Amino acid sequence: MTAFLAKFGVALHVALMVLWASWARGGSAPAYFWALPWLSLGLIEVMLLLPLRQPNESVQSAFMRLLKKIAMDPIFYIGMLLLAFLFIQWQNGPLELEYDVTDQVWRYTEPKWKSMPFCVNQGEAAQVLIWFTAVLTTLLAVRHCIGPKGRMLLLHIFVWNGVLLSLLGLLQLWTSPDKLFWYRPMKVFFFATFGYPNHAGSFFLLTSAINMGLFIHALTGQDEEYSYPWHLGVALIFNLAAVYASMCRAAIVLVSILLVFFLLYGLFYLRSRISKGVLFKLVTVFVVLIGFIVAIASMPNSSFAKEVKTITFDNVSSVYGGDREILSEAAVKIWKDNPWTGVGGWGFRRYVGLYIGDDQWTFLQENGKANVHHDILQFLCEHGAIGGGLMIALALVLFIHLGIKLAAMPEAENTETPKIQLWFDSISPVVILSMAGIICVLVHSTIDLPFRSAAVLLLWFITLALLPGFVKRKKK
């Protein structure tokens, strides 16, 4: 048992973070956030007590090597600065809304520590601090405490977690579409444990992308422990079904594009790696899957068909205007007045009414108007150039690390084929398709708020941090 925990303990604990976030109301219900700090603390304990050991290395040596690696990791310093910033924001509140009789305007009171990061509501600001505490601990664990088998196990857990959530969601739609877990009444549409369709759409979109990469990898038979491609094929059907059943139009469009890329890339990557018979089966499965989706979309009375019919060019392009444009303009104005530190976690909803004017007040009473529906703008508005910049820096370090790994891949020996084709062909499909999913979620975040779900946020960062481990390394 000790040997198993030393090998997979950290990976399983990281998986538990995503499992908790996704099953506890899709990572968007503050009532369930209390577990994330405790899980983060437990993960740190496992990392320190069971460090990843090299052959014939003692626990003490592995522990010291871990500390040195963390001390040299820019993620640690950026993350700690971000947590310090969010902690100050959380503590420097709350503010009260008051009416200035002299100027005849509503404004918030000054924070107790002037010129420092602040928040309007401490409970709401604490949520963002909790999210990024979990993000930082999981990133350090993934980058320094998980070996190749642990990385592969972690991605498979994500895929099968998606399958279980998909089954739950489909069963609930069939048997009790208005009650979460068959007992909690819900006034809005929900899928599985996600109370907001766009959170569900992004979560299953990224899970499907990971699933696609693992499926193609398994078809090659390169990994004996995970050489069961058709199991992953079945899993992919359920994860894709969840994207479409989530009724998130952006995710439906993006996953449909991803499906076409999956087929074309799969045929390219597998052309010389598997038999024509297996390739034919792959194309057949793809055609059947597309036919199944088209059949459901063609049913006149289905909710899915009604939702799909609203996906027109005019509707897709309008998400960058109309209501979203009003909210985005308000967010920019709030940020310009608070450029360095923003207005605190979830502060946009507290300030937006002061910036859109009396004639648009009724507009704010509608559902969905408490957020910008543009994650980058909202994080910038609420955390300013300092906090928002640190969040972006976390992601940039991970992208740069992956880019350096890809640039340093060993060159193939075949001199007849163009080098760029050989280079692309030698990248693991897990990297290519997972990265495609990561980019899709980023695109989605420009028209909505997927990163406001702890489940999506954790899955996105963890997947990005895992990918360099799937890049081929030069032999020493």
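Because the structure is a prediction, the values reported are computed rather than measured. Index from 1, following the sequence. Computation of the quantities below employed the complete heavy-atom set of this structure, encompassing side-chain atoms and omitting hydrogens, waters and symmetry-equivalent molecules.
N338 places no side-chain N or O within 3.5 Å of a backbone atom of V343 that could act as its donor or acceptor partner. Side-chain atoms of S453 never come within 3.5 Å of backbone atoms of P450 as a donor-acceptor pair (strictly under, hydrogens ignored). Remark: the backbone N or O of T193 is not paired with any side-chain donor or acceptor of W23 at under 3.5 angstrom. Of the possible donor and acceptor atoms, none in the side chain of N239 sits under 3.5 Å from a partner among the backbone N and O of T207. At least one donor-acceptor pair closer than 3.5 Å links the side chain of N121 to the backbone N or O of G123. Panel note: side chain S246, backbone V243; a donor-acceptor pair is recorded below 3.5 Å. No side-chain donor-acceptor contact under 3.5 Å links N92 to the backbone of I88. Judged by distance alone, with hydrogens and angles left aside, the side-chain atoms of H199 form no donor-acceptor pair with the main-chain N or O of G195 at under 3.5 Å. Between the side chain of N211 and the main chain of L232, a donor-acceptor pair closer than 3.5 Å is present. Panel note: side chain Q89, backbone E382; a donor-acceptor pair is recorded below 3.5 Å.
What you find for G387 and F85 is that their closest heavy atoms are CA-CE2, 3.6 Å. Among all heavy-atom pairs drawn from A11 and L154, the shortest one is O-CD1, 3.2 Å. Nearest heavy-atom pair across L180 and Q172 is C-OE1, 3.6 Å. When all heavy atoms of L129 and F87 are compared, the closest pair comes out as CD1-N, 4.1 Å. Considering every non-hydrogen atom in both C145 and L66, the closest pair reads SG-CD1, 3.5 Å. Considering every non-hydrogen atom in both A241 and L170, the closest pair reads CB-CD1, 4.5 Å.
In this structure, NE2 on H444 lies 7.0 Å from CG on L254, to the nearest 0.5 angstrom. Taking CG of L81 as the reference point, atom CZ of F76 lies at 9.5 Å (rounded to 0.5 Å). How far CG of L467 is from NZ of K405: 12.0 Å, rounded to the nearest 0.5 Å. To the nearest 0.5 angstrom, M435 atom CE is 10.0 Å from I427 atom CD1. Rounded to the nearest 0.5 Å, atoms OH (Y183) and OG (S176) are 12.0 Å apart. Expressed to the nearest 0.5 Å, how far OG of S445 lies from CD1 of I376 amounts to 5.0 Å.
Residues F215 and F262 are in side-chain contact: their nearest non-hydrogen atoms beyond the backbone lie under 4.5 Å apart. No side-chain heavy atom of I447 sits less than 4.5 Å from a side-chain heavy atom of N198. Considering only heavy atoms from C-beta on, L433 comes within 4.5 Å of F261 through its side chain. Here the side chains of L377 and W335 are not in contact, with every heavy-atom distance at 4.5 Å or above. With a 4.5 Å cut-off on side-chain heavy atoms, L52 and V10 do not count as touching. Between V14 and I462 there is a side-chain heavy-atom pair separated by less than 4.5 Å. Within the 4.5 Å cutoff, the side chain of L259 has heavy atoms near those of the M212 side chain. Side-chain contact between L396 and I392 is present, with heavy atoms from C-beta onward closer than 4.5 Å.
Other residues, nucleotides and ligands contribute over 12 non-hydrogen atoms within 6.0 Å of the CZ atom of F189. Shown here is F158, whose CZ atom has more than 12 heavy atoms of other residues, nucleotides or ligands within 6.0 Å. Residue-environment remark: NZ (K112) exceeds the threshold of 12 foreign heavy atoms within 6.0 Å.
The aromatic rings of Y196 and H373 sit tilted, their planes meeting at an angle between 30° and 60°. Note: Y108 and Y351 have tilted aromatic rings, judged against thresholds of 30 and 60 degrees for the angle between ring planes.
The salt bridge (charged side-chain N to carboxylate O under 4.0 Å, His left out) check on R151 picks up nothing, with sequence neighbours excluded.
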Audit row: H383, L86, side-chain contact (heavy atoms from CB on, under 4.5 Å) steps and yes/no: CA-CA 8 Å; H383 306 288; L86 295 174; 3.6 Å; yes

Residue pair F203, S22: steps toward the side-chain contact (heavy atoms from CB on, under 4.5 Å) verdict: CA-CA 9 Å; F203 182 84; S22 57; 3.7 Å; yes

Verdict with reasoning, D337 to Y355, per side-chain hydrogen bond (donor to acceptor under 3.5 Å, both in side chains): CA-CA 11 Å; D337 286 344; Y355 282 81; 2.7 Å; yes

Full working for side-chain contact (heavy atoms from CB on, under 4.5 Å) between L36 and T133: CA-CA 8 Å; L36 290 176; T133 299; over 6 Å; no

side-chain contact (heavy atoms from CB on, under 4.5 Å) assessment of L168 paired with W182: CA-CA 10 Å; L168 171 67; W182 293 277; 3.5 Å; yes

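Relative to the six-membered ring of W346, R452 meets both conditions, a distance below 6.0 Å and an angle of at most 45° to the axis.
W20 has its ring centre no less than 6.0 Å from the ring centre of W38. In this structure, the ring of F118 has its center no less than 6.0 angstrom from the ring center of W113. Taking the six-membered ring for Trp, Y244 and F204 have ring centres at least 6.0 Å apart.
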